[in-house]
Amino acid sequence: MEKVGKKLAVLVGCNYENTPYRLHGCHNDVLAMRDVLVNRFGFDSQHIELLMDKSGSPIMPTGINIKKALNKMVDEAEQGDVLYFHFSGHGTLTGKKNQEEAIIPLDFNYITNVDIRKIVNRVPQGATFTILSDSCHSGGLIDKEKEQIGPSHHKPKNQELEKNSNNYVSVPNKSESASKSYYSKSKFIPHETILEHLTSLTNINTLNIGTHMLQLFGNDASVMFSLPQLELDLLKPLKQDEGILLSGCQANEECQDVGGIENENQAYGAFSHAILIVLEKNCDPISYKELVMKSRCVLENDEHIKTQHPCLYCSDENAQAIFLSQG
């Protein structure tokens, strides 16, 4: 009998509680996705690692803890396995001249697109690694991955969507009174704000964020700040890989945290919520490309969302593959 591959997941929801950068929907995002992974996609709950900055959580979503969880998942992976990483939280650009993308863990120890590329390069042949990043500037989070849907992709107009019901997912309209009780907050912390925060911790007078990162986190800081450019260039994929990135927005855009002001249980990340809506309304298997296109439609028709265009980065073959499917 042919061996059936494992399904492994790392889910990270970071609300940055008790900080000026507070979000409200990130815990809800990953808890809802965990239920979908188990009930629809056949993941074993024992093979899902959940990291949230919630009181009583056994593992906090710091930079080193997130990277440890991802590396452990890749270490356990074999041919035929399905790996899934979901991040809901703040994102930023590194501020370096090339403006590299990064997600922001609880302790501000950036996980950059170079770190993600390094992890994806370790995925064994025949396994897939899907990343869903509901964070600002997340387009391009897998460094040098091929764009399938992104800035160069023509955004459908409402009229075109209405002609094809297969590409349209309606969002219930909120009443005017309900709309007033909802907020929409960017999941973005500016580079300058982070630099100011890190400077207060290191007391080093420099605009070089890498200096602060290395001072605070040492070898646990992003490899972007410790490796010379020549070695960073060697991290690029030498062949087609199995990394698949679903980003909540383009690299120059911001994702939104949306929800009820009076009830935090109603809060959600706009992209995570859109993906869940599409999956709920499409019970049959759905390709990565179709999933991202339909999530774009959901966001386009949500009155609480500012400009936000989900993207897909992966190989041509994986763009047409079934979302979280083995084989």
Side-chain angles (χ1 to χ4, degrees), residues 10 12 14 61-75 77 83 85-87 89-124 129-147 150-151 188-191 194-195 198 207-253 255 311-315:
V10 173
V12 178
C14 205
T62 61
I64 184 59
N65 285 341
I66 295 172
K67 285 189 281 191
K68 279 183 177 178
L70 293 175
N71 281 310
K72 177 175 176 286
M73 180 169 66
V74 172
D75 287 341
L83 313 183
F85 171 42
H86 190 124
F87 178 81
H90 280 300
T92 194
L93 297 170
T94 62
K96 296 181 70 174
K97 61 181 180 180
N98 293 328
Q99 292 282 288
E100 305 290 351
E101 300 87 358
I103 57 176
I104 305 178
L106 179 62
D107 59 351
F108 286 70
N109 183 8
Y110 284 2
I111 298 177
T112 68
N113 57 353
V114 178
D115 298 308
I116 298 295
R117 164 52 61 197
K118 185 179 179 184
I119 293 170
V120 170
N121 283 356
R122 295 181 51 239
V123 175
F129 188 7
T130 299
I131 298 174
L132 190 153
S133 186
D134 191 348
S135 58
C136 288
H137 304 291
S138 49
L141 192 58
I142 303 180
D143 192 34
K144 300 178 177 66
E145 196 67 62
K146 182 176 181 180
E147 176 192 312
F188 170 62
I189 305 178
H191 170 74
I194 294 172
L195 187 60
L198 296 178
L207 297 179
N208 186 329
I209 197 165
T211 300
H212 297 291
M213 291 289 183
L214 292 170
Q215 175 67 24
L216 290 169
F217 304 112
N219 293 333
D220 293 332
S222 170
V223 295
M224 174 176 288
F225 305 121
S226 58
L227 291 181
Q229 187 60 50
L230 179 61
E231 291 186 49
L232 290 175
D233 290 340
L234 293 177
L235 287 175
K236 64 183 179 181
L238 300 177
K239 61 182 187 325
Q240 178 175 303
D241 60 68
E242 297 300 335
I244 305 169
L245 171 65
L246 293 77
S247 65
C249 61
Q250 297 174 178
N252 64 337
E253 293 180 337
C255 287
C311 303
L312 176 65
Y313 295 84
C314 61
S315 67

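The model shown is predicted, which means the values in this text are computed figures rather than measured ones.
- The closest side-chain heavy-atom distance from Leu245 to Glu145 is not below 4.5 Å.
- Under the 4.5 Å side-chain criterion, counting only non-hydrogen atoms from C-beta, Ile66 is not in contact with Val10.
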Taking it one step at a time, do Leu214 and Ser226 satisfy side chain to side chain contact (heavy atoms under 4.5 Å, CB included)? CA-CA 8 Å; Leu214 292 170; Ser226 58; 4.1 Å; yes
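- Between atom OH of residue Tyr110 and atom CD1 of residue Ile209 there is a gap of 3.5 Å, rounded to the nearest 0.5 Å.
- For the pairing with Thr92, the side-chain contact (heavy atoms from CB on, under 4.5 Å) check across Ile104, Ile103, Thr112 returns one residue only, Ile104.
- Annotation: side chain of Phe129 is in contact with side chain of Leu70 (closest heavy-atom distance under 4.5 Å).
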Report the C-alpha distance between Phe108 and Leu216 in whole Å, list the side-chain angles of each, state the deciding distance to 0.1 Å, and finish with yes or no for side chain to side chain contact (heavy atoms under 4.5 Å, CB included). CA-CA 10 Å; Phe108 286 70; Leu216 290 169; over 6 Å; no
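- Under the 3.5 Å distance criterion, the side-chain polar atoms of Asn109 are matched with a main-chain donor or acceptor of Asp220.
- Side-chain contact between Pro105 and Ile111 is present, with heavy atoms from C-beta onward closer than 4.5 Å.
- Taking every heavy atom of both residues into account, Gly150 and Cys311 meet most closely at CA-SG, 3.7 Å.
- Atom-to-atom distance recorded for Asn208:CG and Leu198:CG is 11.5 Å, nearest 0.5 angstrom.
- Put simply, CD1 on Ile131 and SG on Cys314 are 11.5 Å apart, with the number rounded to the nearest 0.5 Å.
- With values rounded to the nearest 0.5 angstrom, Asn113 atom CG is found 14.0 Å from Lys118 atom NZ.
- In this structure, Phe85 CZ and Leu132 CG are separated by 10.0 Å, a value rounded to the nearest 0.5 Å.
- In this structure, Asn219 places its CG atom where only 12 or fewer heavy-atom neighbours from other residues, nucleotides or ligands lie under 6.0 Å away.
- The CZ atom of Arg122 sits 10.5 Å away from atom CE of Met73, with the distance rounded to the nearest 0.5 Å.
- Scanning for salt bridge (charged side-chain N to carboxylate O under 4.0 Å, His left out) contacts around Lys68 gives an empty result, with sequence neighbours left out.
- In plain terms, the two heavy atoms of Pro61 and Val12 that are nearest each other are CB-CG1, 3.7 Å.
- For the 3.5 Å distance criterion, the side chains of Asn121 and Arg117 qualify, holding a donor opposite an acceptor.
- The closest side-chain heavy-atom distance from Phe217 to Asp107 is below 4.5 Å.
- Side chains of Leu312 and Ile244 form a contact here, defined as non-hydrogen atoms less than 4.5 Å apart.
- Taking each heavy atom of Ser138 and Ser133 in turn, the nearest pair found is OG-O, 3.4 Å.
- Every ring pair (Phe, Tyr, Trp, His ring centres under 6.0 Å) that Phe188 has, sequence neighbours left out, goes to His137.
- When atom types are taken as modelled, the side chain of Asp115 and the backbone of Val223 share a donor-acceptor pair closer than 3.5 angstrom.
- Shortest non-hydrogen contact noted between Cys136 and Cys255 is SG-N, 3.1 Å.
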